[in-house]
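This report concerns only the one structure given below.
From a predicted model like this one, the values you see are computed outputs, not experimental measurements. Heavy-atom basis, side chains included; hydrogens, waters and symmetry copies ignored.
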Amino acid sequence: MRRRGIGATLAAGVLALVVLAVIAAPLYAPQNPFDIASLNLLNSLDPPSFLAGGVRHFPLGTDGQGRDVLSAILYGARLSFLTGVLAVVLAALIGVPLGLAAGYGGGVVDAVLMRLADAQLAVPAMLVALLADGVARALLPRPWLDWAAVPILVAAIGLARWPHFARVVRSAAQLEGDRDYVAAARLVGAKGFDIALDHVLPNVLGPALVLFALSLGFAVIDEATLSYLGVGLPPTRPSLGTLIRLGNDYLLSGEWWVIVFPALALAVPVLIANLLGDAIRDRLDPRGQARARGRTRA
C-alpha cells in the first residue's frame with residue numbers, strides 16, 4: 001500500500017507541475033505563438049536545438065510558420081486543459097444530481113433518467129459531441145463562432161459525458177439508500193430531500209471524484225479529437241489537437257518534431273490523470289485495499 005501511496009503522490013505532483021508550467025507559460029515561453037508579428041518565416045521548420053542545425057532559442061524546433069513548437073505546446077495546452085476541466089465540471093454538475101435523484105428516488109424518476117442515459121450511451125460520446133457542436137454552430141451567428149469556440153466545446157463534451165456520472169452516482173446512491181444511517185434518519189423524521197443532500201450525497205462523492213479524475217483525460221482527448229477534425233478550436237486559437245492536425249502534414253516529410261512533441265504533450269498528462277484516478281480509486285475503495293493487502297501477503 002505504501003507503494004500505491006507513493007505512486008499517487010508522484011502522479012499528483014507531476015500533474016501539478018504540468019498545470020503550473022502551462023499556466024505560467026507567458027512568463028518563460030520563448031515566443032508568443034499567437035502574436036503574428038513575432039513570427040518569421042525564415043525560421044520555419046528549424047530542427048530542435050539538440051539536433052544538427054538547431055537553434056538554441058527554439059528548444060523543440062519550429063513549425064511551417066516559424067512558430068516555436070515549445071511555445072505553441074504551452075499555449076495550446078492551456079486551452080486544451082481548460083476546455084477539458086470545464087467540460088468535466090459541466091458533466092458532473094449534470095450527472096451527479098440526476099444520478100442521485102434516480103438512485104435514491106427510484107420509481108418513475110429512475111426509469112426515465114436511466115433510459116435517457118442508456119439512449120445516449122448507445123451512441124459514441126464523440127458523435128454526441130459532434131452533434132452538439134454542429135447544432136451550436138448552426139444556431140450562432142458566424143461572427144460569434146470564434147468567441148464562442150471554447151464554450152461550445154465545453155458544452156458539447158460535457159453533454160456527451162454526463163451519463164457516466166449519472167450511472168456511477170445512481171449505483172452508489174442505491175447502495176447507500178439501504179444503509180442503517182439512512183433508516184435512522186427516516187426514523188427521526190428527516191425528509192427524503194434532506195436525507196439525499198445531507199447523508200447520501202457526501203457518501204457518493206467518492207466514486208464521483210474517481211470518475212472526475214479519470215474523465216479529465218478523456219475530455220482532453222475529446223477536445224483534441226474535435227480540434228483535429230476541424231470542428232474544435234479555430235487555427236487562430238490552436239490547442240494540442242489543432243497542433244497535431246497541422247503537424248500531420250509534416251509526418252512523412254522529415255520534420256517529425258512538428259507532430260511528435262505536441263502528441264507527447266497530449267499523451268503524458270492524460271496518462272498521469274489516469275494513474276491519479278486509479279490511485280484515488282484504490283484509496284477510497286476499502287475492498288480494493290483489502291484485496292491489495294491480500295495479494296501482498298500472498
Side-chain angles (χ1 to χ4, degrees), residues 15 18-19 22 33 63-64 67 69 72-92 94-95 117 119-138 140 145-165 167 211-252 256-277:
L15 186 60
V18 171
V19 172
V22 169
D63 62 10
R67 183 168 50 192
V69 172
I73 288 174
L74 292 173
Y75 279 82
R78 298 174 74 187
L79 290 175
S80 295
F81 294 168
L82 176 64
T83 302
V85 170
L86 293 179
V88 177
V89 169
L90 176 61
I94 298 174
Q120 183 165 330
L121 288 173
V123 181
M126 187 53 55
L127 292 182
V128 176
L130 283 170
L131 176 62
D133 181 86
V135 170
R137 291 177 180 274
L140 290 176
L145 291 180
D146 286 349
W147 174 84
V150 172
I152 289 174
L153 271 181
V154 169
I157 298 173
L159 292 175
R161 291 288 172 184
W162 75 264
H164 303 279
F165 284 91
R167 273 292 183 182
L211 182 60
F212 187 94
L214 293 174
S215 298
L216 285 175
F218 291 110
V220 173
I221 291 178
D222 288 343
E223 183 281 323
T225 303
L226 290 172
S227 296
Y228 183 86
L229 294 174
V231 296
L233 295 176
T236 56
R237 303 168 66 186
S239 66
L240 293 178
T242 306
L243 295 176
I244 294 174
R245 175 169 61 88
L246 296 175
N248 188 57
D249 298 334
Y250 301 96
L251 181 61
L252 301 178
W256 52 267
W257 57 86
V258 181
I259 185 174
V260 168
F261 290 125
L264 290 176
L266 173 65
V268 172
V270 170
L271 175 61
I272 295 173
N274 288 336
L275 293 176
L276 183 60

Side chains of [X] and [Y]: closer than 4.5 Å at any heavy-atom pair?
X: Leu211; Y: Arg161; answer: no
X: Ser239; Y: Glu223; answer: yes
X: Leu159; Y: Ile94; answer: yes
X: Ile157; Y: Leu226; answer: yes

With rounding to the nearest 0.5 Å, note down the distance linking [atom1] in [X] to [atom2] in [Y].
X: Phe212; Y: Phe165; atom1: CZ; atom2: CZ; answer: 6.5 Å
X: Phe261; Y: Ile259; atom1: CZ; atom2: CD1; answer: 12.5 Å
X: Leu216; Y: Ile221; atom1: CG; atom2: CD1; answer: 11.5 Å
X: Leu243; Y: Asn248; atom1: CG; atom2: CG; answer: 12.5 Å
X: Leu130; Y: Thr225; atom1: CG; atom2: OG1; answer: 9.0 Å
X: Tyr228; Y: Leu246; atom1: OH; atom2: CG; answer: 10.0 Å

What closest approach, in Å, do [X] and [Y] show between heavy atoms, and which atom pair accounts for it?
X: Gln120; Y: Ala160; value: NE2-CA, 3.4 Å
X: Ala265; Y: Ile73; value: CB-CG2, 3.4 Å
X: Leu266; Y: Val270; value: O-CG2, 3.1 Å
X: Leu153; Y: Ser227; value: CD1-OG, 4.4 Å
X: Val88; Y: Ala219; value: CG2-CB, 3.6 Å
X: Ala91; Y: Gly158; value: CB-O, 3.6 Å

### Message
Check whether Ser80 reaches the backbone of Leu240 with its side chain - one donor and one acceptor, N or O, closer than 3.5 Å.
### Response
yes
### Task
Check the surroundings of atom CZ in Phe218: do more than 12 heavy atoms from other residues, nucleotides or ligands lie under 6.0 Å from it?
no
